[in-house]
Undergrad: 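Before anything else, here's the structure in question.
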Amino acid sequence: MSKVVQFDPHPAQAAATQSPLHHVAAKPAVGETGVTLTERAFLDHLIVRGEPGVLAGAVEAVLGLELPTQPQRLARNETGSLQWLSPDEWLLIVAGGEGFRLQRELREALGEAHFSIVDVGGGQTLLELSGKHAVEVLMKSTVYDVDPRHFPVGKGVTSVFAKATAVIRRVDESRWELVVRRSFADYCLRWLLDAGEEYGIAHQPTQPAVASHRQTVTDTETVS
Amino acid sequence: MFHIYCPYCAEYREEEEFHPRGQAHIARPADPEATSDDAWGDYLFFRDNPRGVHHELWVHAVGCRKFFNITRDTRSYAILETYRMGERPTVTANGPEAVPSATATLTGALA
Amino acid sequence: MQRYSGFSLVKHALSHHENWQRHWRNPTPKKEYDVIIVGGGGHGLATAYYLAKEHDITNVAVIEKGWLGGGNTARNTTIVRSNYLWDEAAALYEHAMKLWEGLSQDLNYNVMFSQRGVLNLGHTLQDMRDIQRRVNANRLNGIDGEVVTPQQIKEIEPALDTSERARYPILGASWQPRGGVARHDAVAWGFARGADALGVDLLQQTEVTGFKILDGKVVGVHTNRGDIGAKTVGCVAAGNSGVLAGMAGFKLPLESHPLQALVSEPLKPILNTVTMSNQVHGYISQSDKGDLVIGAGIDGYLGYGQRGSYPTIEHTLQAIVEMFPIFSRVRMNRQWGGIVDTTPDACPIISRTPVRGLYFNCGWGTGGFKATPGSGNVFAWTLAHGQAHPLAAPFSIDRFRTGALIDEHGAAGVAH
Amino acid sequence: MSASSQTFRLAPKAGLGGEIDRDKPLRFTFNGKSYQGYAGDTLASALLANGVDVVNRSFKYSRPRGVVAAGAEEPNAIVQLGASEAAQVPNVRATQQALYEGLSARGTNGWPDAQRDMMSLVGKFGGPFMPVGFYYKTFKAPASLWMTYEKYIRKAAGLGRAPGESDPDIYDHMNRHCEVLVVGAGPAGLMAALTAAAGGVRVILCDEQETFGGSLRDRDETIDGLPAPEWARQTIERLAAMANVTLLPRTTANGYHDHNFVTLHERRTEHLGDTAPMVDGRRRSRSRLHRVRARHVVLASGAHERPLVYAGNDVPGNLLAGAVSSYIRRYAVMPGRRLVLSVTNDHAYRAALDWQAAGGEVVAIADARANPDGELVERARAAGIRVIAGSAVIEATSDRKGHRVNGARVAAIDIEGFRLSGEAEVLACDTIASSGGYSPVAHLAAHTGIRPVWRDDILGFVPGQAVDPVKGFSVVGGAAGVYALPALLEGAAVKVTQALAADGIHVDASEPPAVESIREGEAIGLYHVPHDKPTMRAPKQFVDLQNDVTAAAIELATIEGFESIEHVKRYTAMGFGTDQGKLGNINGMAIAARCLGQTIPETGTTVFRPNYTPVNFGAIVGRHCKELFEPERYTAMHQWHVAHGAKFEDVGQWKRPWYYPQRVNGKLESMHEAVARECLAVREKVGVLDASTLGKIDIQGPDAREFLGRIYTNGWEKLAVGKARYGLMCKDDGMVMDDGVTTCLGDNHFLMTTTTGGAAAILEWLEIWHQTEWPELEVYFTSVTDHWATMTLTGPEARNLLAELTDVDLDRDSFKFMEWREGVVAGVPARIYRISFTGELSFEINVQANYAMQVWESLFAHGNKYGLTPYGTETMHVLRAEKGFIIVGQDTDGSMTPEDLGMHWCVGYKKPYSWIGKRALTRSDTRREDRKQLVGLKPLEADVVLEEGAQIVFDPKQAIPMRMVGHVTSSYYSPTLERGFALAVVKGGHKRLGERVYLPMADGKTHAAEIVSPIFYDPQGSRQNV
Ligand SMILES: Cc1cc2nc3c(=O)[nH]c(=O)nc-3n(C[C@H](O)[C@H](O)[C@H](O)COP(=O)(O)OP(=O)(O)OC[C@H]3O[C@@H](n4cnc5c(N)ncnc54)[C@H](O)[C@@H]3O)c2cc1C
Ligand SMILES: NC(=O)c1ccc[n+]([C@@H]2O[C@H](COP(=O)([O-])OP(=O)(O)OC[C@H]3O[C@@H](n4cnc5c(N)ncnc54)[C@H](O)[C@@H]3O)[C@@H](O)[C@H]2O)c1
Ligand SMILES: Cc1cc2nc3c(=O)[nH]c(=O)nc-3n(C[C@H](O)[C@H](O)[C@H](O)COP(=O)(O)O)c2cc1C
Ligand SMILES: [Zn+2]
């Protein structure tokens, strides 16, 4: 496997970073807080594409995760999360700065097989929604059936979100995650704050406040 | 508004996640250069337009982004089946009301 | 034909309106007609009318599977304008416009053609380029129209939000003062009454189920009420044209899609004109009864159900409230759908076919109401002469083979 | 006004007025006059309690009208609501509007008001000259006057008026999914919901009324030993306690769409005030639209009572029999003192019994049946009520102004013969209640194409067979024509049990509750009561009260040849109103049938469509309005552009900086000035553009190169790693659809750029070809548009500036034009592309978007000394046009081939695979020599900037219509060339260089221009290659 270049987007030294929502100030709920919205910025997001048979072994070896081959499944461990997006497409989210190393290890493990891994971390961000009215806010926003009876923990889907799209995932009993595109993030946030107003919605600033810089400085950016 | 079973996501999803992309099973002529102007025009513009059973191509645009096929009744809007790319339909038009895909074409007729 | 006038109303009031004549007869089909028109919508009825009136061909039947004018003619939002981009289309629609302007008098039937003007809004720089291009072309084609500024728009239609607040602020518009709306049902009825008076048989509840073809020439039609002979057959069946072509053994480059529209509850006069927007995607006018008549785009799938999907209605109303925020508390009374026959270039097909004597006039898609008199007029000429009327000639099916498409998607960006 | 004004309010008594709270008096105004009612009242019940007879004027004849019904079917009591301008709501049904403190309403018609209407004169004296369809017959001559006539016709049109100000309220949507949706919470609906809930599945139960219970609220039978309203209350409590049940009162199912998608409109605050009150400082929506996808829909919407059609049936004081019971039982309101009831069935006898029990006088019951003998008939007789068998009210008489009924003419009738069979007797009364039977509420079912089916046994249309075999649908109770309580309760339970069983869900159908059953006699069909005069000569007999459609109008329509019921509808406007003919349609159809000599099913119904009852636009729009109408997409540098005063251009959903006007000598630059400054900065120094919005697609796989070769018009087999190339894409009809630069990152790895507007469509374009046509090609596409921020640094100083910030060797020989490098810029890893859209030395810097601002600001920190200037899309357009670079969508319009654009250099005719678009280029029309081709235009007068969209002619002297040969696609003033210049398409233009063309403009001027090469600046491309 030589014919694809990999690129580490993170600076060697800490650099000023801006999440897509850097310009939106924190806002407490009016009255009792029924929903809390937190941006989890600066994570590394990778799109992994390939046949499950091709990917499963390498994924298991490098990430310690079983490749979720059932539709709408979300697998997680301390390294990160891996979500089924389509029969040959997964979303891998790991700590900021980890993506490059993991991609390289995956590429090495996969060798000459046909697959693709693309860093999309600058292009999307993750919003966390929690609180007792989180489901209602989602019901106002997406056509997908988010009723906990239909949407157990460990599920993740891509669906319509207001007039944008989002990856919607349920990470535990009380927390939901939305992965939205950078350019739509401001719109999605404004939508959520508006939808949540009646329940008392609090918006917390970007977490973490600064991005981690490059974890391992490699000698060459191009894996060949 | 349709409720569509995506054969890749293996569940029913709302129509808003999908786009219709016209008639299914339209193959691009294998050798375009050997295809007449008329036949090329047919390939570009002439589609089945049945009042009845229709095989159509849809994409799960806001979802798995896969293209797949739907057999649907264009009168009742009932979806009779959905199937993956490369598969053939199991429900086809044979009821008296269904209009067969026209066989005769206009080729040369207007010359 | 009984003449209608203010005087006749007074006269009939004295006899308690018991002596009005029928608008049209309910004849039994003859064995054979010189010309059969398949489809009793506005276009088919106009064709029959002009055949009889201008070509003295009166042994004509219009065969309609349901009730006269019950197809798209009953369902359309009645916008009439002629500001099309390309010469061929502009000439055809302007021909229709001229006929509209004398239609009520010609038919002795008030079709309530109201020249209240049509605004096509521009919200982006490219919109404005397209508008300028179209208006310039219209002007050199002798069609009225001008490019107007947001201030002028505000004067024409004060209810419209022309402010900078909008997501896509209005940068300008094209304005065709001669455009407007008409009472769609009256158009069908007026042509029907006129055709009937000239001897045309209007056969309702009669469905064409096939064509009788001998040696490549059409000799009649099969119907649910028996076979009827014909020397010439003209199909004007809008959304069902593809189905009819299938019966004759060929295909047309048509797709039949649902196109929806809706009306509000009736309101006191609030709109002066017709306002259309491609970018925000909706259009609106107010009928003489007071309801706001609203529409937008087609549903993307094929559909003969005369209904479409709800999100289309939602998007349409979002657009309307974005343009007219004061309508937020106005209520939607009814929605419905038609079956529009769209072509790849958003222009109609008026054409001979592989079957001799069989002609089609279809593909008017989302915008053929405005063409009704013109379409009938040139199609009647075409049927009478056995060759395309000069204005119809560019609209032959040939173009989809040669590539000479007349792309009016720009003009028809929002269905109308 | 004191409570004593409520002269028609009954004294407190058990079983009466269960829904009002006499401890909560409310004040309201109607037509400017102040009244009092109680919490729990509807506006209609409060008006009746106050003895207000005339609530509106009719549409065409301006006749006085009063309340007829108690629910959604009300056609008359249509009011304009709202105390302030912004809170105006047109056309509110008073029967469905809860009373609140300070409510302010007026009748929608009538001047100065409905009581003292002047328009009624027109109705009275003009009426005879305004038969159905009169306007088609007149106002045609002279043609020039029609627009004037129309103005007056319009003045008379409409009911209420639109507000003059924007809505202060908000609305929202809730997407819901459930296994069982039950529409209607009468006995059938409650039973259905109880049964479904026992299955543990998700159940939604909605009802349009203020209170659940439906007809049980007006009944005195006992169910399981409880009075019906009490049983309903307890059942609702049981349901409310279940976690799997969602109860939505005040919620109307308005549209039943395909595959069991149902829209429910929940009025959340309309009963509280003109505008939605805040709760704890938070806004809440005035109403909410629930978008429900149900596995199974249970229609339990009951039946509407049909009024009888007789002369004068529109005068205030004519009511539905059931409405009389509702007003008495729910609101303790007597709609009059002396009642004559005209019926065709047993059920309606309740009205007389209730009336009498409440202390009113029942003058008589005219029963159209020869031998009425049911249990309720006997009860009425036993109560001393006079029952006149075989008769009906044939005419209501009224006071002089027509403001109130003062008598009923009752006569024996021969229904078959449609004539009177005896002398009419006049009974003094102030109220006539009628019941001609019941029409199952089949409306919703019809929305998805389920045709109603006539049933002779129940004399009504019920929903027919469902058309969707996948989703479940059942009809229970009155909606299915099942009226007797025991049968209806059992039927509902059984149907729901069966429906769930089909899904493998088993419920133990609990015993339906015990109900006393009342023996009812057979009803008779009567849709139009004969009069002593023929219909056309009789006093008006109204069918559709709102649109003033009379029986005579329907008869006249049929006389005039309108034989289809759909024609009758459209000629008479029957059913067009805000009530959509809930009251009148079936009678009208039956009248048409009789006139045509047909049976009712032969004549058939018109089509019911959404909405069941009108819904305000705002509720349908929800939160997709104002700031949330449509997303605004921002780049990573957006806030910087805002802070630096950029004006923005909308490109698709993106906000792109258009130009950056500066304050010069205290004055903000015009666009022209700003663009000239920005252009010169780029040509002479260095500028920077935020180009992040360009679509970017990462392409990986061994067949990536092959794929590009098939999709693009030009060749890709030789593009080496490290190089970039411009590519053109066509549709298979040969017309250009997109363009952009694609870079070879690795042998199996490319980065494609697309136009900003085309990004999503092109990704789908690649996918559709891959997935449907060439699945064997090993390649994957992933959008990285948002991931990369892109800054185009361009101008002679670009290299010098960038060199200060990067470790990449920028030397012209080591980093050539159309190459890319990887390195660090301002401390941030970057990919730099040496491509140019301005014709100047350019470097496109791409970094991960989170780091973009660090780089952007560093550029400015170092750029000052080089004169770094931010520029926007307008300047970009000028600069690229000077170079003859096209913009797809501006210089093309879907009808241009690569050849038309003069881009044969970008067409690989020899490529082995017949790429998309190639074949079409050899069709006869695409080979024509006189196709419109892209050229440059040089206005003869240098300071003229041609209008974009200006049409081109060869001969300026010709008469209109002129032969147009092309148009201007792009046109600007070039500060560099110091003149106007344009790109245009001209017929056969490529062979006409040097020729003169003309542009006749709207202001009467005709510009002349010379056809030139589209490349106006630096044709050798030496500036970008330095
Ligand atoms: C919602 C909507 C909005 C629109 N808005 C506008 C607008 O604002 N302005 C505008 O210009 N245009 C508009 N249009 C388009 C316009 O309605 C049509 O182009 C036009 O009415 C077509 O007229 P027609 O007579 O050809 O077709 P139709 O009125 O549809 O008539 C065709 C007739 O053929 C009959 N028929 C079909 N098959 C058979 C058969 N086998 N045997 C016998 N009879 C048959 C049908 O029953 C029908 O009555 C709109 C259309 C819709 C649906
Ligand atoms: N014996 C007779 O001749 C006769 C005739 C008519 C009615 N009835 C009586 O009528 C009752 C029928 O019971 P049922 O439960 O079928 O009907 P119901 O009238 O008791 O309840 C129907 C409910 O559905 C609501 N509804 C209707 N359309 C709706 C919509 N689109 N959205 C939301 N809510 C909507 C109505 O407001 C009503 O509350 C029985 O009590 C029966 O005895 C008897
Ligand atoms: C211009 C126009 C105005 C209309 N106005 C009304 C109206 O005020 N009230 C109404 O109920 N329907 C109105 N309709 C819709 C018709 O009732 C009907 O829905 C339409 O003709 C389609 O027929 P269908 O619903 O019977 O299929 C209007 C239709 C058109 C085309
Ligand atoms: Zn899918």
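Just so it is clear: chains get the letters A, B, ... in the order the sequence lines come, proteins before strands, and each one is counted from 1.
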Undergrad: Considering only NZ, NE, NH1 and NH2 on the basic side and carboxylate oxygens on the acidic side, decide whether C/Arg22 and D/Glu563 come within less than 4.0 Å.
TA: yes
Undergrad: When only pairs under 4.5 Å are counted, which of C/Gln105, C/His12, C/Arg116 shares the most heavy-atom pairs with chain D?
TA: C/Arg116
Undergrad: Using heavy-atom distances under 4.5 Å, tell me whether D/Lys155 contacts chain C through its side chain, its backbone, both, or neither.
TA: backbone
Undergrad: With a 4.5 angstrom heavy-atom cut-off, could you sort out which part of D/Thr138 is near chain C: side chain, backbone, both or neither?
TA: both
Undergrad: Is C/Ser287 close to chain D through its backbone or its side chain, or both, or neither, when contacts mean heavy atoms under 4.5 Å?
TA: backbone
Undergrad: Pick one: which of D/Arg928, D/Arg927, D/Arg923 meets side-chain hydrogen bond (donor to acceptor under 3.5 Å, both in side chains) with D/Asp925?
TA: D/Arg928
Undergrad: Does any non-hydrogen side-chain atom of C/Trp100 lie less than 4.5 Å from one of C/Gln115?
TA: no
Undergrad: Measure D/Asp258 against the heavy atoms of chain C and call it side chain, backbone, both or neither at under 4.5 Å.
TA: side chain
Undergrad: What part of D/Arg286 gets closer than 4.5 Å to chain C, counting heavy atoms only: side chain, backbone, both or neither?
TA: side chain
Undergrad: With a 4.5 angstrom heavy-atom cut-off, is it the side chain or the backbone of D/His877 that approaches chain C, or both, or neither?
TA: side chain
Undergrad: For C/Gln21, is it the side chain, the backbone, both or neither that has a heavy atom under 4.5 Å from a heavy atom of chain D?
TA: backbone
Undergrad: By a 4.5 Å heavy-atom criterion (distance strictly below it), what part of D/Ser895 contacts chain C: side chain, backbone, both, or neither?
TA: side chain
Undergrad: Mind checking whether D/Tyr571 and D/Tyr136 have parallel, tilted or perpendicular rings, split at 30° and 60°?
TA: parallel
Undergrad: Regarding D/Gln88 and D/Gln80, is there a side-chain donor-to-acceptor distance under 3.5 Å anywhere?
TA: yes
Undergrad: Report which part of D/Tyr149 has an atom under 4.5 Å of a heavy atom belonging to chain C: side chain, backbone, both, or neither.
TA: neither
Undergrad: Against chain D, work out which of C/Arg399, C/Gln306, C/Arg193 has the most heavy-atom pairs shorter than 4.5 Å and name it.
TA: C/Gln306
Undergrad: Is there a donor-acceptor contact under 3.5 Å linking the side chains of C/Asp87 and C/Asn141?
TA: yes
Undergrad: With a 4.5 angstrom heavy-atom cut-off, which part of D/Leu159 approaches chain C: side chain, backbone, both or neither?
TA: both
Undergrad: Could you check whether any side-chain heavy atom of D/Tyr171 comes within less than 4.5 Å of a side-chain heavy atom of D/Phe617, counting everything from C-beta outward?
TA: no
Undergrad: Counting N and O atoms only, with roles assigned by atom type, does the side chain of C/Asn138 sit under 3.5 Å from a partner on the main chain of C/Leu85, one being a donor and the other an acceptor?
TA: no
Undergrad: Quick one: do the D/Tyr612 and D/His447 side chains pair a donor with an acceptor below 3.5 Å?
TA: no
Undergrad: Given heavy-atom pairs under 4.5 angstrom as the criterion, report whether the side chain, backbone, both or neither of D/Gln580 touches chain C.
TA: side chain
Undergrad: Is chain C contacted by the side chain of D/Ala162, its backbone, both, or neither, given a heavy-atom distance below 4.5 Å?
TA: both
Undergrad: Let me know if D/Val968 has heavy atoms under 4.5 Å from chain C in its side chain, its backbone, both or neither.
TA: neither
Undergrad: Which answer fits D/His624, side chain, backbone, both or neither, if we ask what part of it has an atom under 4.5 Å from a heavy atom of chain C?
TA: both
Undergrad: Under a plain distance cut-off of 3.5 Å, with no hydrogens placed, do C/Gln335 and C/Tyr310 share a side-chain donor-acceptor pair?
TA: no
Undergrad: If you count heavy-atom pairs within less than 4.5 Å of chain D, which of C/Gly403, C/Ala404, C/Ser328 leads?
TA: C/Ser328
Undergrad: Below 4.5 Å, heavy-atom pairs only: which of C/Ser104, C/Gly290, C/Ala186, C/Ser5 has the largest tally toward chain D?
TA: C/Ser5
Undergrad: Counting only non-hydrogen atoms closer than 4.5 Å, does D/Ser970 touch chain C with its backbone (N, CA, C, O), its side chain (CB onward), both, or neither?
TA: neither
Undergrad: Check whether D/Met147 gets within reach of chain C through its side chain, its backbone, both or neither, counting any heavy atom under 4.5 Å.
TA: side chain
Undergrad: Is there a donor-acceptor pair under 3.5 Å between the side chain of C/Arg75 and the backbone N or O of C/Gly70?
TA: yes
